[in-house]
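Notes for the one structure printed next.
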Amino acid sequence: MSAPNVSFEFFPPKSETMEDRLWDAVERLQPMEPGFVSVTYGAGGSTRDRTHRTVKRIAEETRLKPAAHLTCVAATREDVLGVVGDYASAGVRHIVALRGDPPTGMGTSFEPHPGGFESSVELIAGIKDAYSDQFQISVGCYPEPHPESRGWDEDIALLKAKQDAGADRAITQFFFEPEIYFRFVDLARAGGVHMPIVPGIMLQANFNGLKRMAGMVKATLPDWLHERYEGLDEDSETRDLVTATVAADLCRQLADEGVEHFHFYTLNKAPLALSTCRLLGLKPQNRAAA
């Protein structure tokens, strides 16, 4: 396979130590020349201010193109669009528009903020109305049924509504078998979704943590994946090797069927992302910086 196009997701730091790890990851991954790097919100918008600071610093101090996660949670329309305006002033030109998880946690009902956007579709339309084509807009999607799913017809209709409101691409929740992605893409195309659907690739080497994450989003962890990590609870080095190999193997299988862009959920761990990229033949453009 030829070297792929990649993008990376980071999360905003909660402590000085975590901030050091984040900026180490940013510095080390910058030479891979990703198409963009996204910065997440915490559940219920809990890291909003840290997300804003992180995105602005990336825009100001690096040559990376940051994409800011933005949700409908716990804010009025005016507040949300004010944040978008701040990003525009800082030179940010990419928003990842999400409804967001309920502040009371996944599994509870989402209640829009009074005067706020009621859905990601409304959020996308609001950004487009206020800022025209100043921003690229990415959105999320689930290649397996969302925890709140009422069936594929509604899921695909929602994704198409995001596209029709102005979304430029969709990025999937993580998965581990290529058939899951391709089945979803076929359903989306049949439902009129033509925007790129970028596979999200998880780089979580802590298998117990991965199981918790998968449980929250209803992602399938196949039996063979359990077997790969069996007996490695106390062996972090081997877990890292397994994680990079599993991710690279998945990307190769997707690439064999024509997929050209991969979005890596890095968890702010540069070595795993670098190892995976190397296994895919992607090398840094500035060796001294890597």
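- Pairs of residues two or more places apart, or lying in two chains, that qualify as side chain to side chain donor-acceptor pair (under 3.5 Å) and include a residue from residues 236-251 are Y229-T243, D235-T238, D249-R252.
- Across every non-hydrogen atom of C141 and A170, the tightest pair is SG-CB, 3.8 Å.
- When every heavy atom of R189 is checked against every heavy atom of P196, the shortest pair comes out as NH2-CA, 4.2 Å.
- Shown are L29, T51, V55; of these, the side-chain contact (heavy atoms from CB on, under 4.5 Å) with F10 is made only by L29.
- Crowding of K128 atom NZ: a count of heavy atoms from other residues, nucleotides or ligands under 6.0 Å exceeding 12.
- Nearest heavy-atom pair, A90 versus K56, reported as atom, atom and distance to 0.1 Å: CB-CG, 4.0 Å.
- Side chain of Q173 to main chain of K218: no donor-acceptor pair is present (N/O by atom type, distance under 3.5 Å, no hydrogens or angles).
- Between R57 and E19 there is a salt bridge, since at least one side-chain N of the basic residue sits less than 4.0 Å from a carboxylate O of the acidic one.
- Within the 4.5 Å cutoff, the side chain of Q30 has no heavy atoms near those of the V37 side chain.
- Pairs engaging residues 83-96 under the side chain to side chain donor-acceptor pair (under 3.5 Å) rule: H94-S138, H94-R169 [sequence neighbours left out].
- Residue R99 is tested with E148, E122, E118 for a salt bridge (charged side-chain N to carboxylate O under 4.0 Å, His left out); the sole match is E148.
- The heavy-atom pair separating L267 from R21 by the smallest distance is O-NH2, 3.2 Å.
- In this structure, F135 and Y131 have perpendicular ring planes: the angle between them is above 60°, well past the 30° mark.
- Cluster annotation: L159 is connected to L70 through the hydrophobic network of ILVMFWY side chains, with a link wherever side-chain heavy atoms come within less than 4.5 Å.
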Next item on the list: Test side chain to side chain contact (heavy atoms under 4.5 Å, CB included) on L203 and K269 and set out the steps.
Entry: CA-CA 8 Å; L203 299 178; K269 296 180 179 179; over 6 Å; no
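- Between Q204 and M213, the shortest heavy-atom contact is NE2-SD, 3.7 Å.
- Between A97 and S120, the shortest heavy-atom contact is O-CB, 4.3 Å.
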